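Structure first, commentary second.
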There are 2 protein chains.
Amino acid sequence: MENRLEKIKKQLHSSSYKLTPQREATVRVLLEHEEDHLSAEDVYLLVKEKAPEIGLATVYRTLELLTELKVVDKINFGDGVSRYDLRKEGATHFHHHLVCIECGSVEEIQEDLLEDVEKIVEERWHFIIKDHRLTFHGVCRNCQKKQNKLVKSEQSSVEK
Amino acid sequence: MENRLEKIKKQLHSSSYKLTPQREATVRVLLEHEEDHLSAEDVYLLVKEKAPEIGLATVYRTLELLTELKVVDKINFGDGVSRYDLRKEGATHFHHHLVCIECGSVEEIQEDLLEDVEKIVEERWHFIIKDHRLTFHGVCRNCQKKQNKLVKSEQSSVEK
DNA sequence: AATTATAATGATAATGATTATTAAATGATA
DNA sequence: TATCATTTAATAATCATTATCATTATAATT
C-alpha cells in the first residue's frame with residue numbers, strides 16, 4: 001500500500017507534479033477502494049471523511065491528473081458519470097468489466113484475453129493499439145440464481 | 001434503404017410505437033450517416049435541414065427509443081457526448097471501434113472477433129453475455145504516415 | 001363526421017456532471 | 001524575507017441530457 005503510494009509519488013515527481021496532502025488523500029481513497037468503481041463524487045465524499053476541507057474541483061483535477069499519468073483509468077458505463085479505476089501494478093493494459101444489466105454490479109477481469117484479437121486488429125486494420133476498453137453487459141451469477149427461483153415459483157403457481 | 005426503414009417501422013409497430021414524421025426523419029438521417037458517429041446534437045442539426053420544426057427533445061426521445069429497441073447503439077468515447085450508431089442488418093452484436101488518439105477519427109470493425117473470448121468469459125465467470133462494448137485506442141494508419149514523415153524531416157534537419 | 005382518449009411533440013425549464021475562474025494559500029527559490 | 005509559480009477552495013459557468021407541460025396529431029369509438 002505505502003509502496004504503491006510511493007511509486008505514484010515518484011510518477012508525479014517525474015512529471016514535476018507534487019504529491020500534495022489533497023492528492024495523497026485522494027490516492028489513498030482509490031487504493032482503499034480498488035474493487036469499487038467510484039465516480040468523482042464518490043471519491044469526493046470518501047476523501048472528505050478524512051480531509052473535510054477538500055474541494056470537489058480539486059478531486060476532479062486530481063483524477064484528471066492521475067488519468068493523464070495513467071495511474072488511473074477513466075471509464076464510462078453509460079450511466080452518465082465517469083468512473084475512475086486504479087491501474088493494477090505493472091498492468092500495461094486496462095482490465096475488462098462485466099456489468100450486470102439486472103442489478104448494476106460490476107465485476108473485473110484482470111486477465112488480458114485480447115492478445116489474439118489485438119494481433120488481428122493491428123495486422124488487418126493497420127492500427128497501432130495503445131489501449132482498449134472492453135465491457136460485457138449481461139446477467140451476473142447472482143441474478144441468474146434469482147431468475148431461476150422466480151421461474152420456478154411461477155411454474156408452481158401456474159400448477160395450482 | 002427504404003427496405004431498412006420498413007423494417008424499423010415494423011419493429012416500432014411490434015412494440016406499439018408509431019413511425020411519426022419526426023421519427024422517420026431521424027431514422028433517415030441515421031441511415032444516411034451510417035459511417036459517422038453522430039451525437040444527439042449532430043442528429044438534431046441534420047434533421048433540422050429537412051424538417052426544421054423538429055425539437056431537440058424529440059430527437060433525444062427518438063434516439064432513446066431506438067436504443068431501447070436495439071435499432072441503434074449508444075456509445076461513449078469519453079468526450080462527454082453520447083453517440084448513436086445504427087446496428088447493421090442482422091447484427092446480433094455491437095460492432096467495435098478504433099479511435100485514433102491523434103486525430104480523433106473513428107473506424108468501425110464489423111467482424112465479431114470476440115467469439116472465443118466470450119466463450120471463456122461465460123464459462124469462467126458464469127456470466128451470461130447479452131452485449132459488449134469494445135474500443136481500441138491507438139494510432140490510425142493516416143497518423144502513422146504523418147508521424148513517419150515528421151520523424152524523417154526531423155532527422156534531415158538535424159543532419160544539416 | 002364528431003368526440004374522446006391517448007400518444008407524441010416543441011419549447012423551455014430544471015438537473016446534474018464537469019470545467020473555468022479567481023482570490024487566497026502554500027511552497028520553493030533566490 | 002521577498003518573489004514567483006503551483007495548488008487549492010469556493011463558486012460561478014457551461015454543457016449535455018432529462019423533465020415538465022401546454023399543445024397538437026393520431027387512433028378509436030360512437
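Atoms considered below: every heavy atom in the structure, side chains included; atoms not considered: hydrogens, waters and symmetry mates. Each chain gets a letter, A, B and so on, in the order its sequence line appears, and its residues count up from 1. Because the structure is a prediction, the values reported are computed rather than measured.
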* Charged N to carboxylate O below 4.0 Å: is that the case for A:K74 and A:E68? -> no
* Structure fact -> Result for side-chain contact (heavy atoms from CB on, under 4.5 Å) between B:E24 and one of B:L19, B:V47, B:T62, B:V29 points to B:L19
* Structure fact -> From the candidates D:dT17, D:dA10, D:dT8, the one with an atom nearest any side-chain atom of A:A57 is D:dA10
* Asked: Which one, D:dT8, C:dT9, C:dA8, comes nearest to the side chain of A:R23?
  -> D:dT8
* Any side-chain N or O of B:Y60 less than 4.0 Å from the OP1 or OP2 oxygen of D:dT17? -> yes
* Among C:dA11, C:dT18, D:dT8, which nucleotide sits nearest the side chain of A:V81? -> C:dT18
* Structure fact -> Out of C:dT18, D:dT7, D:dT17, minimum distance to the side chain of B:S82 belongs to D:dT17
* OP1 or OP2 of C:dA8 under 4.0 Å from side-chain N/O of B:Q22 -> no
* Pair A:Q144-A:E102, side-chain donor/acceptor within less than 3.5 Å -> no
* **Separation of atom CG in B:D79 from atom P in C:dA17, rounded to whole Å** => 18 Å
* Asked: D:dT7, D:dA16, C:dT12: which one has an atom nearest the side-chain heavy atoms of A:T20?
  -> D:dT7
* Atom pair distance, as rounded to whole Å: OH in B:Y17 and C1' in D:dT26 -> 16 Å
* Asked: Roughly how many Å is it from CG in B:L56 to P in D:dT17, rounded to a whole number?
  -> 9 Å
* Quick one: look up who C:dA30 pairs with, Watson-Crick or G-U, both distances under 3.5 Å, and put none if it's unpaired. => D:dT1
* To do: Check the distance between D:dT17's C1' and B:R83's CZ and give it to me in whole angstrom.
  => 15 Å
* Structure fact -> Closest to the side chain of B:R61, out of D:dT17, C:dA17, D:dT20, is D:dT20
* Asked: Just checking B:E41: base, sugar-phosphate only, or nothing, at a heavy-atom cut-off of under 4.0 Å?
  -> nothing
* **Near-ring test A:H97/A:F136, centroid separation under 6.0 angstrom** => no
* Asked: Expressed in angstrom and rounded to an integer, what is the separation of B:E24 atom CD from D:dT26 atom P?
  -> 12 Å
* To do: Using whole Å, report how far CG of B:L12 lies from C1' of D:dA27.
  => 17 Å
* So, is A:T58 near the phosphate of D:dT8, with a side-chain N or O under 4.0 Å from OP1 or OP2? -> no
* **Spacing between A:Y44 atom OH and D:dT8 atom C1', to the nearest angstrom** => 13 Å
* When you measure from the side chain of B:S16 to the backbone N and O of B:H13, does any donor-acceptor pair fall under 3.5 Å? -> no
* Asked: Nearest to the side chain of A:I54, which nucleotide is it out of C:dG10, D:dA9, D:dT6?
  -> D:dA9
* A:E53 CD to D:dA10 P, straight-line distance once rounded to whole Å -> 9 Å
* What's the closest nucleotide to the B:K18 side chain, out of C:dA8, D:dT8, C:dT19? -> C:dA8
* To do: Verify the neighbour count for atom NZ of B:K119: are there more than 12 heavy atoms of other residues, nucleotides or ligands below 6.0 Å?
  => no
